[in-house]
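I have placed the structure first, in the form of structure tokens, so that the comments after it can refer back to it.
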Number of protein chains: 2
Amino acid sequence: MRAASKRQQIVDAADELFYSRGFSQTSFADIAAAVNISRGNFYYHFRTKDEILDAVIDKRLADRENLLGKWDETSDDPIKRIECFIKIVIVNQAKIMAYGCPVGTLTTELTKLDHASKDKANEIMALFRDWLTRQFEELGCESEAPRHALHVLSWSQGVATLAQAFKNEEFVKREVDQIVQWLVDVANAGATNH
Amino acid sequence: MRAASKRQQIVDAADELFYSRGFSQTSFADIAAAVNISRGNFYYHFRTKDEILDAVIDKRLADRENLLGKWDETSDDPIKRIECFIKIVIVNQAKIMAYGCPVGTLTTELTKLDHASKDKANEIMALFRDWLTRQFEELGCESEAPRHALHVLSWSQGVATLAQAFKNEEFVKREVDQIVQWLVDVANAGATNH
DNA sequence: GACCAATTAGGACAATCGTCCTATTTATGA
DNA sequence: TCATAAATAGGACGATTGTCCTAATTGGTC
């Protein structure tokens with residue numbers, strides 16, 4: 001029980017550190033210090049750095065699935081649900097301006113490293129893509145749903161990258177308003193087609 | 001003469017390696033091997049890794065200024081020039097799918113490292129932003145020009161990130177067509193206002 | 001041919017990295 | 001209470017890192 005708790009503490013700390021410093025710039029010593037255990041003891045919980053990475057990705061996947069599940073329950077209107085996604089860039093604005101998007105930056109880093117878990121990290125991105133696709137399907141734009149999903153996902157990655165670069169709050173708000181307007185237009189166009 | 005040439009070789013090799021592997025995952029040994037000099041000799045040309053990074057950023061800044069200058073000369077129509085920028089994601093598609101955007105990924109990495117040269121790297125992003133702003137001003141949308149510039153820049157970063165994640169050529173083409181259409185609409189709206 | 005500066009190679013250095021081994025301490029349950 | 005397992009600390013290991021020093025080589029100039 002306490003073992004699981006300690007393991008969870010390690011994964012949580014690694015999650016934060018991988019996000020704020022990057023995976024390869026986070027050492028065993030960094031994580032051990034964050035959870036107050038010795039470097040030697042670390043080996044008891046995780047044998048390799050890649051093991052921790054996999055655990056972190058699993059946690060992120062679970063967290064996001066949880067989040068998407070909650071959004072599914074917030075409203076019957078898929079527009080409202082997609083707006084939940086859009087507004088992450090505002091809800092998490094402070095962290096995004098400091099460290100970028102946790103999903104996008106990890107994907108980019110692992111791909112450059114050609115890391116064995118890069119595909120697994122991409123699954124988080126795919127999770128959002130597929131969820132968005134379902135929302136657009138419910139909106140009535142069946143054949144266009146996958147394209148709209150990629151469009152919104154791409155939009156969010158761009159906003160996150162520029163938010164980190166320029167730290168411009170107004171830019172973020174403006175882009176959110178713009179994409180929400182686009183979303184409403186898409187919904188109306190889909191409705192008139194039926 | 002040969003010294004300058006060797007120095008240039010080093011900067012070029014570092015530029016490529018920083019792009020494909022990332023800054024902190026590129027070692028002195030990697031760069032030295034790429035230009036066929038010994039690690040010891042390296043110190044004669046660059047005393048610290050940060051010195052190489054600064055030289056690489058300077059080179060990238062110069063390269064981009066050069067590129068933007070050429071685009072300025074391609075056409076009198078700012079729409080055509082902005083389209084040049086938009087189509088980088090197609091021209092450089094192969095590399096972008098492999099390593100992402102060189103400007104965006106470096107900015108992200110240095111910010112996470114809290115590196116002393118992060119602001120300098122951001123200047124490359126600002127260079128594009130300011131150039132785009134001038135193009136939109138020429139288009140006639142004066143007060144909206146800075147916003148449009150950020151919008152296009154943000155769009156390009158999003159497309160690059162998703163291109164790297166999903167490696168979907170059709171997605172890139174579709175997004176390019178979409179933003180070009182948006183650009184034409186903006187131009188028409190600006191024209192009717194005058 | 002001799003001299004001087006530019007350029008190069010080799011290796012030392014202290015620090016840090018991921019990994020691993022081995023005691024020791026702590027907690028659990030019969 | 002005692003045996004057993006879980007958990008922890010400390011340190012060793014080989015490799016690699018950025019940095020730096022020194023000696024050797026090269027090339028051009030008088």
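Below, chain A is the first sequence line, B the second, and so on; all start at residue 1.
- For the pair Asn41(B) and dA9(C), the criterion of a side-chain N or O lying under 4.0 Å from OP1 or OP2 is met.
- Distances shown here put every side-chain N or O of His45(A) at or beyond 4.0 Å from the OP1 or OP2 atom of dA6(D).
- For Tyr43(A), taking side-chain heavy atoms from C-beta onward, the closest of the listed nucleotides dC21(C), dT8(C), dC21(D) is dC21(C).
- Under the 3.5 Å distance criterion, the side-chain polar atoms of Asp15(A) are left unmatched by any main-chain donor or acceptor of Val56(A).
- The salt bridge (charged side-chain N to carboxylate O under 4.0 Å, His left out) search around Arg147(B) returns none, not counting sequence neighbours.
- Nearest nucleotide to the side chain of Tyr44(B), out of dA12(C), dT8(D), dA6(C): dA6(C).
- Phe28(B) and Tyr43(B) fall into different hydrophobic clusters, where Ile, Leu, Val, Met, Phe, Trp and Tyr side chains are chained together by heavy-atom contacts under 4.5 Å.
- Remark: Asp77(A) pairs with no residue by the salt bridge (charged side-chain N to carboxylate O under 4.0 Å, His left out) rule, at least two apart or across chains.
- Interface residues of residues 16-35 of chain A facing DNA chain C, ordered by number: Thr26(A), Ser27(A), Phe28(A); criterion, heavy-atom separation under 4.0 Å.
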List the atom pairs, donor and acceptor, that lie under 3.5 Å between side-chain atoms in residues 83-99 of chain A and the rest of the protein, sequence neighbours left out.
unit_1	atom_1	unit_2	atom_2	d
Lys95(A)	NZ	Glu16(A)	OE1	3.1
Lys95(A)	NZ	Glu16(A)	OE2	3.1

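- Note on the helix from dG1(C)-dC30(D) to dA27(C)-dT4(D): angle between the axes of the first and last five pairs equals 10°, rounded to 10 degrees.
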Might you work through the side-chain contact (heavy atoms from CB on, under 4.5 Å) test for Thr108(A) and Thr108(B), ending with a clear yes or no?
CA-CA 10 Å; Thr108(A) 298; Thr108(B) 298; over 6 Å; no
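- Just one of Asn122(A), Asp50(A), Asp54(A) meets the side-chain hydrogen bond (donor to acceptor under 3.5 Å, both in side chains) condition when paired with Ser117(A); it is Asp54(A).
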Test log, rule ring-ring contact (aromatic ring centres under 6.0 Å, His included), inputs Trp182(A) and His148(A)
CA-CA 10 Å; Trp182(A) 169 88; His148(A) 291 337; 5.4 Å; yes
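- Thr48(A) places a side-chain N or O within donor-acceptor distance of the main-chain N or O of Glu51(A), the cut-off being under 3.5 Å.
- Rounded to a whole Å, the CD1 atom of Ile37(A) is 19 Å from the P atom of dT25(C).
- Using a 4.0 Å cut-off on heavy atoms, none of the residues of residues 47-58 of chain A approach DNA chain D.
- Between the Asp30(A) side chain and the Ser27(A) main chain, a donor and an acceptor come within less than 3.5 Å of each other.
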